[in-house]
Amino acid sequence: MKLETTGFLSDLERVARVRQQVAQHMSKIAETLTQSEFDGEKASGKLGLEREIEDMVTASKNLRQGVFRLLVLGDMKRGKSTLLNALLGENLLPSDVNPCTALLTVLKYGPDKKVTIHFNDGKSPQQVDFQAFKQRYTIDPEEAKELEQKKQQAFPDVSHAVVEYPLELLSKGVEIVDSPGLNDTEARNELSLGYINNCHAILFVLRASQPCTLAERRYLENYIKGRGLSIFFLINAWDQVRESLIDPDDLEDLKEAETKLRKVFHANLAEYCQVDGLDLYDERVFEISAIKALRRRLKDPNASLENTGFSEFMGALNTFLTQERAIAELRQARTLARQTYTRIREAIERRIPLLDQDIQELKQRIISVEPQFTQLASICNEFRDEIRNVRDRKSRQIADSFKTYVLGMESTFEQDFLRYQPAQLKFLDYLSQNKREEFSAAAQQAFQQYVNDKFFAWTLTAERDLNDAFSHLSRSAAKYGASYAEVTNQITEKLTGQKIHARPSTSIDDDGSPGWAKWAMGLFSLATGNFAGAAMAVAGFDFKSILLNFFTSAGIAIVASTFFGLATGGLWFILISLGVGALQADHARQEFTKALKKELVKYLPQMAQEQWQPIYSAVQECFDVYEREVIKRVNDDIQSRRAELDNLVKQKESHEINRQAELTRLRNVETTIGNECQDLETTYQTLLVV
């Protein structure tokens, strides 16, 4: 599928328009419910719709503010900034031959050109102009390499930059996070990782002349693999393959060179393009020339991007964002609106028969359903207890697995750590007082990478365990929800004297389950604002971010640095004892690794013990967040059902209710909500028409 930028922008505009329309329908539903509750205070009483109103308002707000967030990753000097400038159609970010972007930068729409620097030392954000931003916050590649070796950040006091700009792509609901090079520093890598679960897609930029370097393979293997992320691989500077040939006009040589390159990239990237058993390699990997595309767009924003790879890439990105992701997002809005309509209709159907009952008869019937309300509370308590049992079991299991994992690092350390030692690590430098600091920095950087990779590899196991746990709770929510619905039907039958007939379900979002159960099953994550990214669907919240935040903020880097600082004091004597001949030999690396392992083994039990409780607490927090929201929703539903009866009794005691007027009012509310839901459905369907 070929699509130029104008088509992409047009489709983004269509999605943005549908988002706003759906948000407007949800706002009108919320307004209608709010007005109905206000009017009910003077009529037969409120129906207890606070939760439905709150969810509608929140979902509408999230849709209005919704953006497609893209995270750009890649090693230094891969052309990330040039790629972004080509996408934006303007030379906005530093992309000269020499300077490297040194800050994590968030690009978003703003009516005025503005750059805001955010600091991590408590200092207030600072606005700078674009020229100052380009000059002050870019560094030379050699300086970047030197900082990397010294394990230093270019701007340690800066968290990130936010660039606001009135560009067309950004105005259509796209937000871009531009990261520094993967080798900037481990701390900067962790900052980039913090954005992974909050993005819709990752644009991973590689370079044709350096196919899948060790750093790139390391990053993919340890931080991307197995995490269910949507990734587009952009092999930049593909046109330079021809320029690297002795005879650029030899088509046979060119074909052979390109074929070899494609095999290398396929071998390294294919496993990251498998989605639900489908091979999406051709829809996720693109050979591009960012500089060629940028030059054309600077001359003419609507210029053809043929033979740059951008047409194919933007076509695939367009399909992914405006069809797959947008439809999934708006399907949740439709589900929430349908559930709200069902709740309103049922509340009205309960209210109408009770309008004719005298006050004493109504009170007697309310007393008669007290056992059922007790049953509802019991269901709530049973589900809460199950959540807590799963929480306690999983928290201990995952914390214990980390302890076992850390202690097991001893058995693989020698084999694992050898590949982390940089080629430029010169052991003789350790004997020189003025070079020892440089040697220690390089060795510590290697050790830090090793520790980070090992720990993040373990988080994948923890995520799988949590996935299983929340999948179990999702099934339990369905079971408890079915029992809950049976009891609420009994309440309605006792109150109204009318038999409730089960409605045939037409889909999973229309199966008669109460709203709280659907949230617990993950169908309403839009209502909590956590749709974007790789958050697990069945939980309706992003437990992966809770784990990720733990590892990026709980001091794993400090743990590694502290250990290395202690260990290298003893390693100095070991290195001297090896002798100059040994230091010049290749096996010096092996000896150094063995010596480091000996020190590490002493420290591993302490590391495992110190991190056990923080991990236990982090996992518990995942379940506690889930429990708080689920149980609050169950209790809200129970209280709203009690409140609607109490409100009716109060009104009957205070004045005679005009049955016909109230019947007309309630039916009008039902009709208005139904019409808005139908209009929302019609709007949603327009997105399905390609």
Side-chain angles (χ1 to χ4, degrees), residues 33 36-37 40-41 43-55 339-388 473 476-503 511-521 524 626-654 657 666:
L33 296 181
S36 174
E37 292 291 79
E41 288 186 300
S44 65
K46 292 182 177 182
L47 295 176
L49 303 174
E50 288 82 2
R51 166 57 67 183
E52 284 69 27
I53 294 171
E54 181 182 342
D55 280 350
Q339 179 72 19
T340 299
Y341 178 52
T342 298
R343 171 78 171 83
I344 304 313
R345 194 171 67 244
E346 291 175 348
I348 290 174
E349 291 302 322
R350 287 194 298 270
R351 174 60 56 88
I352 290 175
L354 301 181
L355 294 176
D356 293 329
Q357 294 180 11
D358 63 56
I359 187 66
Q360 293 306 318
E361 180 185 5
L362 178 59
K363 287 182 176 180
Q364 285 300 317
R365 294 201 177 199
I366 292 175
I367 292 173
S368 75
V369 298
E370 195 57 39
Q372 278 69 42
F373 273 108
T374 301
Q375 282 183 266
L376 294 183
S378 295
I379 291 172
C380 176
N381 292 335
E382 287 175 22
F383 191 27
R384 182 197 60 206
D385 290 343
E386 180 167 350
I387 295 171
R388 291 181 178 179
L473 289 176
S476 294
K479 179 188 69 176
Y480 286 113
S483 299
Y484 190 94
E486 288 180 10
V487 177
T488 56
N489 285 343
Q490 292 172 18
I491 292 175
T492 300
E493 289 176 1
K494 278 192 171 186
L495 289 171
T496 65
Q498 299 175 359
K499 184 72 176 176
I500 301 296
H501 299 285
R503 295 182 293 107
D511 62 359
S513 298
W516 66 261
K518 288 187 176 297
W519 189 92
M521 289 186 283
F524 292 157
Y626 180 79
E627 179 198 324
R628 284 195 294 269
E629 185 63 27
V630 171
I631 300 308
K632 183 177 186 302
R633 286 174 177 271
V634 181
N635 286 328
D636 284 352
D637 188 81
I638 295 173
Q639 291 305 315
S640 72
R641 291 174 185 274
R642 284 188 177 280
E644 70 176 81
L645 296 174
D646 293 342
N647 293 338
L648 178 58
V649 170
K650 181 180 178 181
Q651 295 304 94
K652 280 181 175 287
E653 288 178 333
S654 64
I657 297 172
L666 292 172

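Treat the numbers as computed from the prediction; the structure is a model and nothing was measured.
Put simply, the side chain of Thr374 gets close to the backbone of Glu370: a donor and an acceptor are under 3.5 Å apart. The backbone N or O of Val487 lies less than 3.5 Å from no partner atom in the side chain of Gln372, so there is not a single donor-acceptor pair. In this structure a side-chain-to-backbone donor-acceptor pair under 3.5 Å is missing from Arg633 to Arg51.
For the pair Lys499/Glu493, a side-chain contact is recorded, criterion being any heavy-atom separation below 4.5 Å from C-beta on. Counting only heavy atoms from C-beta outward, the side chains of Ile657 and Leu648 approach each other to under 4.5 Å. For the pair Leu645/Leu495, a side-chain contact is recorded, criterion being any heavy-atom separation below 4.5 Å from C-beta on. Counting heavy atoms from C-beta on, the side chains of Leu355 and Arg351 come closer than 4.5 Å. Between Arg388 and Arg384 there is a side-chain heavy-atom pair separated by less than 4.5 Å. Here the side chains of Gln375 and Gln490 are in contact, with some heavy-atom distance below 4.5 Å.
A salt bridge links Arg641 with Asp637; the closest basic N to acidic carboxylate O contact falls under 4.0 Å. Residues Lys652 and Glu361 are not paired through a salt bridge, judged by the lack of any N-O separation under 4.0 Å between the basic side chain and the carboxylate. A salt bridge links Asp636 and Lys632; the closest N-O separation between the charged side-chain nitrogens and carboxylate oxygens is under 4.0 Å.
The two residues Ile491 and Val369 make their nearest non-hydrogen contact at O-CG1, 3.9 Å. Here the closest heavy-atom approach between residue Gln651 and residue Ala43 is recorded as NE2-O, 3.0 Å. Nearest heavy atoms, Ile53 versus Glu37: CD1-CG, 4.3 Å. In this structure, Val630 and Ala520 approach most closely via the heavy-atom pair CG2-CB, 3.8 Å. When every heavy atom of Ala485 is checked against every heavy atom of Pro514, the shortest pair comes out as CB-CD, 4.4 Å. Pairing each heavy atom of Ser513 with each of Met521, the nearest pair is OG-CE, 4.1 Å.
To the nearest 0.5 Å, atom OG1 of residue Thr340 and atom CD of residue Glu52 are 6.0 Å apart. For the atom pair Glu41 CD and Ser36 OG, the distance stands at 10.5 Å (nearest 0.5 Å). One finds the CZ atom of Arg365 at 7.5 Å from the CG atom of Leu354 (value rounded to the nearest 0.5 Å). Summarising the geometry, atom CZ belonging to Arg642 is positioned 11.0 Å from atom CG belonging to Asn635; distances are rounded to the nearest 0.5 Å. The distance from the NZ atom of Lys46 to the CG atom of Leu33 is 12.5 Å, given to the nearest 0.5 Å. Put simply, CZ on Phe373 and CD1 on Ile638 are 8.5 Å apart, with the number rounded to the nearest 0.5 Å.
Shown here are the side chain to side chain contact (heavy atoms under 4.5 Å, CB included) partners of Glu486, two or more places apart in sequence or in another chain: there are none.
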* Take Lys363 and Glu653, measure what salt bridge (Lys or Arg N to Asp or Glu O under 4.0 Å) needs, and give me the verdict at the end. => CA-CA 11 Å; Lys363 287 182 176 180; Glu653 288 178 333; 2.7 Å; yes

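Ring-plane geometry between Tyr484 and Trp516 is classed as perpendicular, the angle between the planes exceeding 60 degrees on a 0 to 90 degree scale with a lower cut at 30. Tyr626 and Phe383 have perpendicular rings, their planes meeting at more than 60° on a 0 to 90° scale where under 30° would count as parallel.
The environment of NZ in Lys650 is sparse: at most 12 heavy-atom neighbours from other residues, nucleotides or ligands sit within 6.0 Å.
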